[in-house]
Amino acid sequence: MSTLLHLDASARPRSISRELSAAFADTWRVRHPDGRYHYRDLAAEPVPFIGEAWTQLCDAVLALPSTDPERLGELVRTPEQAAAWEVVEPLLAELLAADVILIGTPMYNYSIPASLKAWLDQVTFPRMSLGHRRFVVTSARGGAYSPGAPKAAYDYQERFLRDFFAGHFGVSDTVFVHAELANSRQDPALAHLRAEHDRSHAHALATARDLAREY
Ligand SMILES: Cc1cc2nc3c(=O)[nH]c(=O)nc-3n(C[C@H](O)[C@H](O)[C@H](O)COP(=O)(O)O)c2cc1C
């Protein structure tokens, strides 16, 4: 039985990255009627930023020869660390239980929203491998960042997530599905790019559904 963890991070309740992640999740759930599905809306119910007690837990992990994420709770020594662990524990349990991690995220300021970064900070400990898990990122961005686009080098959203999952979690095959040029919906100066956005959006929706049939 497979387990899907579905995260959304857009500050907009009606959003393109949410629409794309829902397309993947809906298709996946039809394909896996017995599968387990967990949903977390990181924008509607933000996880707190890490604090000092969290860093103490992290330091305790660093002092060990290896990391067993299932046993990090045993490192708790103070009431403050216990409170920090109360936040981490369910987030980490959801992540470790998942076979597929689906993240719907907008590009904010060339990167990811703080709500998603806060989740990543909470669940990431030194030497933590998520090797056999698969990550899918559905994203929306106001501009265009595909290879060849003038701003391609500014894409710290895909680059950060790809490098982070590979470098820290040992997951090298993260798949990205982008809908580009979303600002053409609102910005009259970009109205001439609306048809290109519509194509990108439609292609991303179809890709998200096709991809889910393989997971
Ligand atoms: C706070 C904020 C920052 C943004 N920064 C960028 C950016 O750096 N580059 C870009 O192409 N679009 C940027 N956008 C546009 C969003 O990526 C675009 O609206 C996208 O559709 C958001 O995804 P969503 O529809 O899932 O909310 C930004 C939007 C917001 C609200």
Side-chain angles (χ1 to χ4, degrees), residues 1-11 17-18 21 24-25 28 35-106 108-109 111-139 156-174 215:
M1 193 194 304
S2 192
T3 300
L4 173 66
L5 173 61
H6 176 183
L7 307 171
D8 274 322
S10 173
S17 62
R18 287 175 185 273
S21 68
F24 182 102
W28 187 93
R36 290 198 203 92
Y37 173 73
H38 297 290
Y39 180 72
R40 191 174 276 278
D41 189 332
L42 297 172
E45 291 180 60
V47 304
F49 293 150
I50 57 167
E52 184 185 6
W54 187 99
T55 66
Q56 291 165 349
L57 288 176
C58 187
D59 290 347
V61 175
L62 271 175
L64 297 173
S66 63
T67 305
D68 180 355
E70 312 268 6
R71 301 185 62 181
L72 293 183
E74 295 171 18
L75 300 171
V76 168
R77 298 286 179 272
T78 68
E80 292 77 16
Q81 291 171 9
W85 179 245
E86 249 179 60
V87 175
V88 174
E89 201 275 332
L91 301 175
L92 200 53
E94 269 172 18
L95 175 61
L96 297 174
D99 302 289
V100 181
I101 297 103
L102 166 67
I103 302 175
T105 181
Y108 283 171
N109 300 323
S111 184
I112 60 169
S115 59
L116 177 55
K117 183 61 165 54
W119 176 83
L120 271 178
D121 288 348
Q122 287 284 0
V123 298
T124 303
F125 286 89
R127 294 182 296 261
M128 205 175 90
S129 170
L130 295 177
H132 67 275
R133 293 170 182 81
R134 304 172 86 186
F135 282 76
V136 175
V137 177
T138 63
S139 102
Y156 298 101
Q157 179 204 36
E158 173 171 333
R159 195 183 320 157
F160 167 68
L161 291 172
R162 185 185 294 288
D163 289 353
F164 186 79
F165 294 151
H168 203 89
F169 289 157
V171 176
S172 56
D173 57 351
T174 301
Y215 277 67

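Counting from 1, the numbers follow the sequence of the chain as shown.
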Could you tell me whether a side-chain N or O of Thr138 sits under 3.5 Å from a main-chain N or O of Ser17, the two making a donor and an acceptor? yes
Tell me every residue that passes ring-ring contact (aromatic ring centres under 6.0 Å, His included) with Phe49, counting only those two or more places apart in sequence or in another chain. none
Does any part of the side chain of Phe125, heavy atoms only, come nearer than 4.5 Å to the side chain of Val88, both counted from C-beta? yes
Do Asn109 side-chain atoms and Ser111 backbone N/O form a donor-acceptor pair below 3.5 Å? no
Could you tell me whether the side chain of Gln122 and the main chain of Pro48 form a donor-acceptor pair under 3.5 Å? yes
By the salt bridge (Lys or Arg N to Asp or Glu O under 4.0 Å) test, which pairs, at least two apart or in different chains, include something from residues 78-97? Arg40-Glu94
Results of ring-ring contact (aromatic ring centres under 6.0 Å, His included) for Phe160 - residues two or more places apart only: Phe164
Using every non-hydrogen atom in the two residues, find where Pro69 and Leu96 come nearest and quote the distance to one decimal. CB-CD1, 3.7 Å
Taking Thr67 for the side chain and Pro126 for the main chain, is one N or O donor matched with an acceptor at less than 3.5 Å? yes
Does Phe165 reach the side chain of Leu120, with side-chain heavy atoms less than 4.5 Å apart? yes
Heavy-atom count check: over 12 atoms from other residues, nucleotides or ligands less than 6.0 Å from Arg36 CZ? no
Atom CH2 of Trp28 and atom CG of Leu102: how far apart are they, to the nearest 0.5 Å? 10.5 Å
Looking at Phe169, is Arg133 sitting on its ring face, NZ or CZ under 6.0 Å from the six-membered ring centre and within 45 degrees of the normal? no
Does the side chain of Ser139 reach to within under 4.5 Å of the side chain of Glu158, using non-hydrogen atoms? no
Given 3.5 Å as the limit, does a donor-acceptor pair link the side chain of His168 with the main chain of Asp163, or not? no
Do Tyr39 and Asp8 pair up side chain to side chain, a donor and an acceptor below 3.5 Å, judged on atom types alone? yes
To check you understand the geometry: which heavy-atom pair defines the closest contact between Thr105 and Gln157, and what is its length? O-NE2, 3.4 Å
For residues Val61 and Leu75, determine if any side-chain heavy atom of one lies less than 4.5 Å from a side-chain heavy atom of the other. yes
Checking side chain to side chain contact (heavy atoms under 4.5 Å, CB included) against Leu57, which of Leu72, Val76, Ile50 comes through? Val76
